[in-house]
Amino acid sequence: MGFFDDKQEWLAEVFAQYPADRRRSALMPLLRRVQQDEGYVDFERMKEIAELVGTTATEVAGVMSFYSYYQGLPTGKYHIQVCRTLSCKLAGSDELWHTLTERLGILPGEVTEDGRFSLQAVECLGSCHTGPVIQINDEPYVERVTKARLEALLEGLEQDKPLEEVRRTLPDEEKMGKATIELEGEGGAS
Amino acid sequence: MSEGPITSGHDPRFSPTLYAHVGKPNSWTLDYYLSHGGYETARAVLTGKQPEEVVEEVKKSGLRGRGGAGFPTGVKWSFMPNDGQQHYLICNADESEPASFKDRYLMEDDPHQLIEGMIIGGFAIRATKGYIYIRGEYRKAYDRLVGAIGEAYERGYLGKNLFGSGFDFDLYVHRGAGAYICGEETALMNSLEGLRANPRMKPPFPAQSGLYGKPTTINNVESLASVVHIVQRGADWFAQMGTERSKGMKLFQVSGPAKRPGVYELPMGTTFRELIYDWAGGPTEPIKAFIPGGSSTPMLPFTDEYLDLPMDYESLVAAKSALGTGGVVLIPESVCIVDSVWNLIRFYGHESCGKCTPCREGVSGWLPQLFEKFERGQATHEDLKTMEDLLDQIEGRSFCPLADAAVWPIRGALRHFRDEFLHHIEHGTCAVKSGPRWR
């Protein structure tokens, strides 16, 4: 059975966003749906998408490889994307990245043995004032990932608590998600 | 302070409009928006004005595109033909220039303001369909926009015959998937059409042949939100803020080691000093340089001369930099300039789409190789000369502005911090010793 067979209503909604003779515009939303539900997009799915939007699987693969979000290899239950661009770097994203690779024992393209985590270094996520920033799967960012907040995050996920609940209970979470952030009292960089 | 143009956030005549509701409880809901006068401007426009009048008002205000390039919005709108074809209005919400995060909160906390701006913009350019192209990572903003659009349809603020005017407007959200180049307007249209996001040849310009080959205008989120206030309060209200050729209010951003990093809405012409010290609380450690307007804009020394520059398009050009998206990054004394610029070159190298030779070979090939040599202590004076030659070969010779955006940060760094490059050549190491930065 195809991935989209039982999603006809959803498909119709997506196609309705674009002119009737421009089904190819739905290529990105369809790729995203597979990525969200299956953690990666394999060739069978590319063929299925190609048929739905009226192109070839090779074309779909070409579009897919252009963007950093779609993955061609399986990812963990929690795919952790770590921003490494300048403002996050100034807030310690290099050290955060090294800590994560060591703590989880994986590099990009790998998944932890329990299937829980995979890692990807990504470019600017647009949360430069709350660096270092990570994004897990397609969820809202985890901002200001200090050592304490990272530890609490990983511990919560290792206990299989829902991501949203884990985030809500991270230290200082009430300061996050805002256009400005007050860092007084945090102490200077060492 | 009560005479002449408004060029400071301390001026008593100034108060935020774009960000007036950011951070307020339930600010993203239709009920909140309506209780603060929401959609009244769109109603007045659709039931009482001609499209040309709206274009004229926006032209007169002096609004320049807030996505970075600064092209006059009203002029852009006036390029749209009156030909009876399907027209499209696209909101560029790809916000992917490092150091920029202002549009994000316009969408998360005030999505109806953007929708109202798009209705007015759509009316002005005779577009009955709009797309918001939002970067894929902005999940919360996406959810809020979709929620707001749903509410607007339910209560008749989107769809057919708005306010009984006979004008229809449909609005859709299309999510990107992680590609900086999608901020370039023709690449964005290709992405929206389900193609690889390579930029298109211009001409034809989008106003002649854009999305699906139809006349199209692409505006930044902040530009469209600004339109609501310009039309509501008048071009003169907008133009009393700012400097001779840089009018109105603008969203500025501060990141790097400051006490209160974030987004600040201020009049054009406000100084960097006021933004960094009065609003963002000042640095938390000694600073030697700052990037004035997003990662592509050449860095400037953190000295009185540059801190007192007014934030407007012309002053930054005179200082051999650019206002860009208004994203300021503070670079500490203890961080190596070569390392910092290498971080940005790696970014542009990764984001190059590969279409044209100067960018593919230069930005994602030669420049990273040269920086690797600097980083490893293997660079020679000859390599520095090669790099400078290469910058001349890339700048102005690429298909789209991405390659120029990679050249400029290196230019700025070499202009003001050449000694740090020379230190790498002569000693094989950074000129400063960086400690750990993660807390």
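Convention: sequence-line order gives letters A, B, ...; per-chain numbering from 1.
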Need one label for [X]: side chain, backbone, both or neither, based on atoms under 4.5 Å from any heavy atom in chain A.
X      : result
B:V335 : side chain
B:A258 : backbone
B:Y19  : side chain
B:V173 : backbone
B:I291 : side chain
B:S100 : backbone
B:Y88  : side chain
B:L344 : side chain
B:C353 : both
B:Y131 : side chain
B:S334 : neither
B:Q253 : neither
B:N198 : both

Might you confirm whether atom CD of A:E113 has over 12 heavy atoms from other residues, nucleotides or ligands at distances under 6.0 Å?
no
Count the heavy atoms belonging to other residues, nucleotides or ligands that lie under 6.0 Å from CD of A:E9, then report whether that count exceeds 12.
no
Considering only heavy atoms and a distance below 4.5 Å, find which of [options] pairs most often with chain B.
options                     : value
A:G92, A:S65, A:A91, A:C88  : A:G92
A:T99, A:V60, A:L31, A:T55  : A:T99
A:Q35, A:K89, A:E59, A:R32  : A:R32
A:P19, A:A16, A:A26, A:P132 : A:P19

Taking C-beta and beyond as the side chain, do [X] and [Y] meet within less than 4.5 Å on heavy atoms?
X      : Y      : result
A:L90  : B:P332 : yes
A:L86  : B:R346 : no
B:W438 : A:D94  : no
B:Y212 : A:D21  : no
A:L125 : B:Y138 : no
A:R144 : B:R439 : yes

Let's go through A:S127 and B:R104 carefully: what are the C-alpha distance in whole Å and the side-chain angles of both, what is the deciding distance for side-chain hydrogen bond (donor to acceptor under 3.5 Å, both in side chains) to 0.1 Å, and is it a yes or a no?
CA-CA 9 Å; A:S127 197; B:R104 177 177 162 198; 2.7 Å; yes
So which of [options] has the biggest tally of heavy-atom pairs under 4.5 Å with chain A?
options               : value
B:I331, B:V22, B:L192 : B:L192
B:G327, B:S191, B:S96 : B:S191
B:H174, B:E95, B:H350 : B:H174

Shortest non-hydrogen contact from [X] to [Y]?
X     : Y      : answer
A:Y67 : B:A179 : CD2-CB, 3.7 Å
B:A99 : A:C128 : N-SG, 3.3 Å
A:L27 : B:G194 : CD1-O, 3.4 Å

Using side-chain hydrogen bond (donor to acceptor under 3.5 Å, both in side chains), reason through B:R437 and A:S93 one step at a time and then give a plain yes or no.
CA-CA 8 Å; B:R437 300 201 58 82; A:S93 63; over 6 Å; no
Counting distance only, does the side-chain N/O of B:R139 pair as donor-acceptor with the main-chain N or O of A:D138 below 3.5 Å?
yes
For the pair A:K178 and B:D109, find out whether any cationic side-chain nitrogen is under 4.0 Å from an anionic carboxylate oxygen.
no
When the ring planes of A:H129 and B:Y105 are compared, do they come out parallel, tilted or perpendicular, using 30° and 60° as the limits?
perpendicular
